[in-house]
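One structure is given here, and the rest of the page talks about it.
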Amino acid sequence: SQQGEEDPQALSIQEGENATMNCSYKTSINNLQWHRQNSGRGLVHLILIRSNEREKHSGRLRVTLDTSKKSSSLLITASRAADTASYFCATPHSGGSNYKLTFGKGTLLTVNP
Amino acid sequence: GAVVSQHPSWVICKSGTSVKIECRSLDFQATTMFWYRQFPKQSLMLMATSNEGSKATYEQGVEKDKFLINHASLTLSTLTVTSAHPEDSSFYICSARDLGRGSPDTQYFGPGTRLTVL
């Protein structure tokens, strides 16, 4: 089964609004990552948050991690049309030592100008 | 950041032929690369882990004789889809870890290769 599950599956907002996406996972992790994928393109690593961190910022991105609830959220503030993309959370395979990642199903974000 | 390239970016082939996809780390050495497959509107599924100088490790359900992986150097891994069939049509993405930069947990992804088998 999927280790990471994003919610919502699709999100449509107006430029300037904030976008929040959530990710839940099942097993214990030592880190969780968020990636962006523009349509038909490869992935871009956005941010990594470790299990001992609760919140992390990078520019307009804010990621939170709640290990007790096995969930994470990605907040994009002041969204732009260029933020339109699919966003995936990814977690390392449990018990793995070679950093294999399991990806969630993704949230398709559409930012309307 | 670290750059990973893939070639070709897209390929169309006839059923029964073999197709080779290259994944290169351009500005770093990668002892480990990963190959993913992504069907339309779906997530990435890990196919195999490519290890420089040794055999690849395949995920459950992935046929090693169908998807041949060669990691002959620290900057190049290749995925060959042998005897391709229409159901192999997909978006193939590779990634690599740059142990000399940032966190070893961070993977850098290639731009992907769109394979269409007629």
Side-chain angles (χ1 to χ4, degrees), chain A residues 1-10 21 23-25 29-53 56 58-59 63 65 85-110, chain B residues 1-7 9-10 21 23-24 30-52 54-60 62 71 90-99 101-116:
Chain A
S1 62
Q2 286 283 353
Q3 167 72 324
E5 298 277 346
E6 289 91 339
D7 135 69
Q9 291 187 354
M21 289 158 269
C23 168
S24 60
Y25 57 92
I29 58 171
N30 57 28
N31 72 79
L32 183 144
Q33 307 172 27
W34 285 91
H35 298 260
R36 182 186 72 216
Q37 183 181 35
N38 288 71
S39 180
R41 307 290 293 274
L43 269 70
V44 174
H45 172 86
L46 294 177
I47 197 165
L48 181 152
I49 186 166
R50 300 204 174 280
S51 58
N52 61 353
E53 298 175 305
K56 200 163 182 179
S58 177
V63 168
L65 179 64
S86 290
Y87 291 82
F88 296 91
C89 67
T91 52
H93 281 206
S94 55
S97 60
N98 55 1
Y99 304 95
K100 297 190 291 187
L101 294 177
T102 298
F103 284 82
K105 295 178 180 177
T107 293
L108 175 59
L109 173 66
T110 303
Chain B
V3 180
V4 175
S5 70
Q6 280 184 243
H7 177 80
S9 55
W10 60 270
I21 302 170
C23 176
R24 291 182 186 273
T31 55
T32 304
M33 292 182 172
F34 302 90
W35 286 97
Y36 297 85
R37 180 167 54 183
Q38 184 181 34
F39 292 108
K41 298 189 186 304
Q42 294 190 25
S43 187
L44 280 72
M45 296 298 293
L46 179 65
M47 299 175 65
T49 303
S50 173
N51 303 297
E52 187 270 335
S54 65
K55 291 183 179 180
T57 306
Y58 291 82
E59 295 301 301
Q60 193 172 10
V62 178
H71 195 152
S90 188
F91 194 54
Y92 292 87
I93 304 175
C94 71
S95 71
R97 295 166 57 217
D98 180 1
L99 299 182
R101 175 182 355 218
S103 164
D105 298 308
T106 300
Q107 291 184 23
Y108 299 94
F109 289 83
T113 296
R114 172 82 53 199
L115 169 64
T116 302

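The figures that follow rest on heavy atoms only: side chains count, while hydrogens, waters and symmetry mates do not.
Smallest separation of non-hydrogen atoms from B:Phe34 and A:Lys100: CE2-CG, 3.8 Å. When every heavy atom of B:Leu46 is checked against every heavy atom of A:Leu101, the shortest pair comes out as CB-O, 4.3 Å. Contact between B:Phe109 and A:His35 at its shortest, heavy atoms only, is CE1-CE1, 3.4 Å. In terms of heavy atoms, A:Phe103 sits closest to B:Ser43 at CB-OG, 3.2 Å.
Only the side chain of B:Gln38 comes within contact range of chain A, judged by heavy atoms closer than 4.5 Å.
Annotation: side chain of B:Ile93 is in contact with side chain of A:Gln37 (closest heavy-atom distance under 4.5 Å).
For the atom pair B:Lys41 NZ and A:Leu108 CG, the distance stands at 7.5 Å (nearest 0.5 Å). Once rounded to the nearest 0.5 Å, the distance linking CG of A:Leu46 with OG1 of B:Thr106 reads 11.0 Å.
B:Tyr108 and A:His45 have tilted rings, their planes meeting at an angle from 30° to 60° on a 0 to 90° scale.
Shown here is A:Gln9, whose CD atom has no more than 12 heavy atoms of other residues, nucleotides or ligands within 6.0 Å.
Ranked by heavy-atom pairs under 4.5 Å with chain B, the first of A:Gly106, A:Ser39, A:Gly40 is A:Gly40.
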